[in-house]
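Structure, as structure tokens:
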Amino acid sequence: MHVVMLGVPQSVTEELERKLHEEGAHHAVECSIRHARQLEELPEALPSGLLVLWDAGGPLEDTLAFCQQLHARRTASQSHLVVLTQRGPDELDRLDQAGADECLAPPGARWGTRLMALERRLQSMVPSALVVDSQRSVRMEATLQALLELTLAEPGPGFFQSMVKQLAQVLGVTCALVGELDGNTVRKLACFNQGDFCDLPPYPLAGTPCQVTVDQAICHYPDGVAARFPEDTMLHEQGLRSYLGAALRDSRGQPIGVLAILNDRPLEARPLDYALINAFAVRASMELERLRARDELDRSREQLQKTLDAVPDPLLVKDRAHRWVAMNSAFCRLVGRPLEQLQGKTDLDFFSQHEAEAFRKQDEQVFTTGQPQENEDNFADGSGHTHAIVTKKALFTGLGGRPLLMVLCRDVTDRKRLESQLRLADRMASVGTLATGVAHEINNPLTFVSANITFLEEQLNQMMVMPESLPELREVLTETREGVGRIRELVQDLKSFARADEERSGPVDVHRVVDSALRLMRSALRHRTQVVRSLGEVPFVRGNEARLGQVLVNLLVNALQALPARHPDDNRIQVSAWREGPKHVVLEVADNGQGIPPDLQQRIFEPFFTTKPVGVGTGLGLAICQTIVQSMGGQIDVRSEPGQGTAFRLRLPVDGSVTTLHRGHSAALSS
């Protein structure tokens, strides 16, 4: 038997509790006693049982108000309200009118009789749909079976519909519903009313039994629920009289929804019924929290996808198993496939085995070392077009601490094509700069070759060659052969310098590149400066011969232009090469010219930056030199002091496939 004591002082509480326990035990009624100092400490719907209100003897109106509030929140047929008071007969009548069932002088007597009478009244009441004695075992078995089925049911869109339908049918109630809290509003998840599913628009939580349910975890109104909540229009429109609801809570204990059954008849409930409705509520809470987590995950994925799509370059995310777990729209366009066909795939699904294994090896290195990596590869799209792709790979930590690899791709096909055109244009500009000198170099041997051929023709026209003339003729032929050879070398150097097969990469002979560049520049150099070659024993480097020749010619032209107008013997350009460790060769072009001011040294590699007059330079020469050297895996830097000269130093990687060393030599350029 539930016993609620409101405002009873400690001096009376001990004796009253002793009498309740002793007399209750004598009549086989076990008492469960709850104390409260204020009315706010009690639940909105008071439990069935004995209610004891203490009258402190103050203003009668205060006690009457307490009595009326207790009476409004109890079910009269299931409770007995006793007021412990010392007031006279007239005031006792007013307390009776306020809802008191009985007024006693404290501490009262014959408590066992009252407890036994109330117990008989509760047991004799006609049970509700939940507790019909003749059908209780059958209904309880059906309820437990429904709970078991819902516990084992697969989550899905029909879960809540199945729950409310089973609850309504098994318990024989008019309506069962599940609602989700959305701020101060209840949004229907499923509602089964009068034998069919129905629409239920969102409704305010305030002024409804659902609000009490959310506050108290479980709420039961056996009868008269519509009268208690006049603002709840659904209760009045459907003629609903009783309500039993349980709050849905997430894993942190926060309310997230309500599960309720309502009936158009009185609805009694026992502790086991409360346990059952709570069990259904726990299962509904799990499903609702799962749906919320899924929706939150979907929103996060959508936001992530929007963020990825905002990146203009193709972007791909791989997991530790090398599966493609995320990518942006730019990557989809690059591959030529929609997002749905790419998620969960691997490199093997779209590339050859050789390419896929190369990519996997690169990825594994990043996964293992944690160090970012940059690579350049060729990629053929779905239409067969080849793209030059630079990929930057970096490791980051995803949800749950799992490692993920982010691959940022940049299609540099157009850029490389433009760079190639710029390099070719720069070479052609250099050829134009060298044209006069090259023509002079060709004219010199052509002059004596032409004269020698004329002499030979005259000698042959005499029909007889005197023996004493043979040595002279041999000398003429030797000189002619030398002149033709010089022309052939010069034309070959010019052809190598201007050729377009610059994408080919392989071992490059540094000595050969230096000799070729100096031959092209010979005419321009010999009238302005001394040129000293200091070439040590160096291995082949990895790169492109035409590109390296272009760099060297550009540096020689720059060095020549940096020399002041003075006697050639006072000017000097030195070309040096030496080995630096096992993996690098250094090639240096140094002059003793005007030098570069410190504030300009940081800008000389910027495109279009030049200190030359308008029309003399484009400002692309050194920028192109830097691009070429970096594309070969090397570095270029400058050391300069104003008035002392400048040295450009190239640090180039050794080609490991060739072990030949060129014997070094030092010499001045001959005229």
Task: side chain to side chain contact (heavy atoms under 4.5 Å, CB included) between V317 and L405, intermediate numbers included - done: CA-CA 6 Å; V317 178; L405 182 70; over 6 Å; no

- [ ] Check whether NZ of the Lys or CZ of the Arg R320 lies under 6.0 Å from the centre of the six-membered ring of F367 and within 45 degrees of that ring's axis.
- [x] yes

TODO: Apply side chain to side chain contact (heavy atoms under 4.5 Å, CB included) to the pair I573 and Q530, showing each step before the final yes or no.
DONE: CA-CA 6 Å; I573 294 177; Q530 299 182 66; over 6 Å; no

Task: salt_bridge(R649, D637) N-O dist < 4.0 Å - done: no

Open item on the list: Measuring from atom CZ of F648 to atom CD of E588, what distance do you get when rounded to the nearest 0.5 angstrom?
Closed with: 11.0 Å

- [ ] Please report the C-alpha distance between Q550 and I628 in whole Å, then the side-chain angles of each, then the deciding distance to 0.1 Å, and finally whether the side chain to side chain contact (heavy atoms under 4.5 Å, CB included) criterion is met.
- [x] CA-CA 9 Å; Q550 180 178 355; I628 292 174; 3.8 Å; yes

Open item on the list: One pair to check against side chain to side chain donor-acceptor pair (under 3.5 Å): T391 and E374. What are the steps and the verdict?
Closed with: CA-CA 6 Å; T391 59; E374 181 173 330; over 6 Å; no

- [ ] Decide whether R566 and N571 meet the rule of one side-chain donor and one side-chain acceptor closer than 3.5 Å.
- [x] yes

TODO: Kindly compute the distance separating CD (Q305) from CE (M327), expressed to the nearest 0.5 Å.
DONE: 8.0 Å

Task: T346, D347, D319 screened by side-chain hydrogen bond (donor to acceptor under 3.5 Å, both in side chains) with W324, the one that passes - done: D347

Task: Modelled atom types, side-chain donor and acceptor of S576 and R533, under 3.5 Å - done: no

Open item on the list: Classify the ring geometry of F359 against F351: parallel below 30°, tilted from 30° to 60°, perpendicular beyond 60°.
Closed with: perpendicular

Task: Q362, Q373, Q365 screened by side-chain hydrogen bond (donor to acceptor under 3.5 Å, both in side chains) with K393, the one that passes - done: Q362

Task: Lys/Arg N to Asp/Glu carboxylate O, E287 vs R290, below 4.0 Å - done: yes

Open item on the list: Between K392 and V407, is the side chain to side chain contact (heavy atoms under 4.5 Å, CB included) condition met? List the steps.
Closed with: CA-CA 6 Å; K392 296 182 178 180; V407 183; over 6 Å; no

